[in-house]
Amino acid sequence: YHKTYKIVTNKFQDKSYLLYQCGTVPPADEVASGKHHLVLPVPHKGGIAITQTPQIPPPELLGKRREITAYIGNPKYVSSPCLDYMADVEKSLQVIFFPEDSRNSTLVDAATAKYLQENPDAIIFAGPTGSKADADRHMAIAASQERTAVATFDWIGVFAALFNLEGMANEIVAETEGRYDCSARNAAALTADLPEEEKKTVLWAQYFNGYGWSVAHCPTWDSASYCEYAHHCGTNIVSRPEGLGTSYSFGSDTLYWYLTDEEFLEVGKDADLWIYPSKTFLDVYAEKKELLDQFKAVQNEEVYDTQGQGEHSWHEQRLAEYDVVALDVCALVGNGNPNAPVHRRRWFRNVYAEAIGFLPECNAPSEIGEPYIPAEAECSPLFEDSAPLPDDPTTTSASIIPNGSTILASFVAGCLSFAIWL
């Protein structure tokens, strides 16, 4: 941070964005260097177009829904009740999508160019990869490339920087982290003397037609968010053995591994409960009943999918409340606070006993301008005087205020870093 401007660097895309205070002149040497992909006055007032639903929660948390003026994609995947209201009722949110020819990129590109022509100060949030990140007026958002839920959430800092709301973002990060730490301390207290063999084992897996079974791979606690949640809640998770299965790259640098039915049975049949992160379990079960009936979790009807708040919310609203997801996981494995008020699961629903959930309607128009507040976001500590867990990586602060420094706040994530200087 500098006196009248700040620089946000996306490490994943190796792109920087110079944000200068409205009413001041951007530094000539920085602009002339050509090293910044965008030079923007802040607070940003020109509107935002989003291209992926995970980009929705951060502006909602900051009370900036009104700044979202376009959505480029299929609107059926948008879960936010208020954004649906803005698109369907108010018509204040432009939807760029062609249902009759949804794969025609030429149509989408032309409509996007028209949107930018009509909104010359708007910016478009691009995905983490691809040529769109290089396009004019595009800002690459690489939150999805983070491995852990905590690091993914920290990208709220990028959105906050656009609106000079870093202080608000720090408060949100601190409050969310406080609840997250609370559930970690509760789980640690409940499992402190529990033998390893008595801890529940979680199977996190889903089936992809034509490829096979995708199973959690957790060589370390921070390999992925599901590994993080298992570690956080003091439970075991089934981890695909290194090299087992068949891998596909799908044109990227990442390998995606899939197991055959036989491999999957051997790996997951003894798990106590199964989290199936999709909506297709019952369809898959109908097709593979003989196989799945051999799984302990199926026999005991301990299978949970991610439709607790609707069909698509897991891939959107859930990203605004990783602390609530942790409370859910801890409750599932029996390591949540058993005292009243007992946490009610929000994201995971038992596929045998519970209906598909839904998000409440938007209280429009007043709610549209208000910050999003996650439901069930409360954690009661087992012991009021319990200290933070020592050297527990899952409870490391995402907002850091070093002693004796002029840094007011700092967000640090694998693909992103910036600091706010006094």
Side-chain angles (χ1 to χ4, degrees), residues 183-184 186-188 190-209 211-247 255-308 314 325-336 338 345 347-354 394:
S183 60
N186 287 347
L190 291 167
T191 60
D193 300 319
L194 190 66
E196 197 67 24
E197 61 272 14
E198 293 185 20
K199 294 180 180 179
K200 286 189 176 181
T201 299
V202 176
L203 173 64
W204 191 294
Q206 75 178 95
Y207 183 75
F208 287 88
N209 192 34
Y211 296 97
W213 295 94
S214 175
V215 181
H217 183 56
C218 299
T220 62
W221 73 269
D222 62 347
S223 296
S225 60
Y226 41 74
C227 311
E228 175 188 20
Y229 286 129
H231 177 82
H232 179 92
C233 294
T235 196
N236 299 313
I237 187 168
V238 174
S239 179
R240 176 186 58 79
E242 192 69 43
L244 180 65
T246 303
S247 63
L255 290 180
Y256 299 88
W257 290 82
Y258 301 91
L259 304 186
T260 64
D261 288 354
E262 294 73 22
E263 291 168 335
F264 181 53
L265 177 63
E266 183 62 28
V267 167
K269 63 182 178 180
D270 296 323
D272 297 293
L273 62 92
W274 183 352
I275 294 178
Y276 189 93
S278 180
K279 63 180 182 179
T280 62
F281 177 80
L282 293 179
D283 293 334
V284 174
Y285 178 77
E287 178 186 342
K288 297 179 176 291
K289 181 179 186 301
E290 184 177 350
L291 168 71
L292 299 184
D293 279 346
Q294 300 177 66
F295 283 68
K296 178 181 178 181
V298 173
Q299 294 166 4
N300 295 334
E301 297 189 347
E302 289 286 346
V303 180
Y304 302 83
D305 69 14
T306 50
Q307 296 187 91
W314 175 255
V325 178
L327 287 165
D328 277 13
V329 174
C330 291
L332 278 178
V333 300
N335 295 337
R345 276 185 289 106
W347 289 103
F348 303 109
R349 66 124 195 174
N350 187 293
V351 299
Y352 302 101
E354 297 168 351
T394 68

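- How far CG of Leu255 is from OG1 of Thr246: 11.5 Å, rounded to the nearest 0.5 Å.
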So Ile275 and Leu332, side chain to side chain contact (heavy atoms under 4.5 Å, CB included) or not? Walk me through it.
CA-CA 10 Å; Ile275 294 178; Leu332 278 178; 4.1 Å; yes
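- You'll find the side chain of Glu228 reaches within 4.5 Å of the side chain of Trp221, heavy atoms only.
- You'll find the ring centres of Trp314 and Tyr304 outside the 6.0 Å limit.
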CA sep, side-chain torsions, deciding dist, call: Lys288, Phe264, side chain to side chain contact (heavy atoms under 4.5 Å, CB included)
CA-CA 12 Å; Lys288 297 179 176 291; Phe264 181 53; over 6 Å; no
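- Here the rule is side chain to side chain contact (heavy atoms under 4.5 Å, CB included) with Tyr276, and of Val284, Leu203, Leu282 only Val284 fits it.
- Taking the side chain as every heavy atom from C-beta outward, Gln307 and Lys279 approach each other to under 4.5 Å.
- What you find for Trp257 and Gly245 is that their closest heavy atoms are CZ3-O, 3.4 Å.
- Nearest heavy atoms, Ala205 versus Pro277: O-CD, 3.6 Å.
- Taking the side chain to side chain contact (heavy atoms under 4.5 Å, CB included) definition, one finds that Asp293 meets it with Tyr285, Lys289, Val298, sequence neighbours left out.
- Of the possible donor and acceptor atoms, none in the side chain of Asn335 sits under 3.5 Å from a partner among the backbone N and O of Leu190.
- Residue His231 holds its NE2 atom at 10.0 Å from OG1 of Thr220, rounded to the nearest 0.5 Å.
- For Tyr207 against Thr280, the heavy-atom pair with the smallest separation is O-OG1, 4.5 Å.
- Nearest heavy-atom pair across Val267 and Pro241 is CG2-CD, 4.1 Å.
- Residues Ser223 and His217 have side chains that never bring a donor and an acceptor to within less than 3.5 angstrom of each other.
- No more than 12 heavy atoms of other residues, nucleotides or ligands shown are found within 6.0 angstrom of CD on Glu290.
- Distance alone, capped at 3.5 Å, places no donor-acceptor pair between the Asn300 side chain and the Glu302 backbone.
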Applying side chain to side chain contact (heavy atoms under 4.5 Å, CB included), run through His232 and Val329 and close with a yes or a no.
CA-CA 9 Å; His232 179 92; Val329 174; over 6 Å; no
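- Between Ile237 and Cys218, the shortest heavy-atom contact is CG2-SG, 3.9 Å.
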Trp347 and Thr306: CA distance, side-chain angles, deciding distance, side chain to side chain contact (heavy atoms under 4.5 Å, CB included) verdict
CA-CA 6 Å; Trp347 289 103; Thr306 50; over 6 Å; no
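- Test Lys200, Lys296, Lys199 against Asp272 for side-chain hydrogen bond (donor to acceptor under 3.5 Å, both in side chains) and you get one pass: Lys296.
- Between the CG atom of Asp283 and the CG atom of Asn209 there is a distance of 10.5 Å, given to the nearest 0.5 Å.
- A donor-acceptor pair under 3.5 Å is formed between the side chain of Thr260 and the backbone N or O of Glu263.
- Between Leu291 and Leu265 the shortest side-chain heavy-atom distance falls below 4.5 Å.
- Contact record, Cys233 with Ala326: SG-O, 3.5 Å, taken as the closest heavy-atom pair.
- Judged by distance alone, with hydrogens and angles left aside, the side-chain atoms of Arg349 form a donor-acceptor pair with the main-chain N or O of Glu354 at under 3.5 Å.
- Just one of Tyr352, Phe281, Phe348, Trp204 meets the ring pair (Phe, Tyr, Trp, His ring centres under 6.0 Å) condition when paired with Trp274; it is Phe281.
- Residue Glu266 places its CD atom among 12 or fewer non-hydrogen atoms of other residues, nucleotides or ligands, all under 6.0 Å distant.
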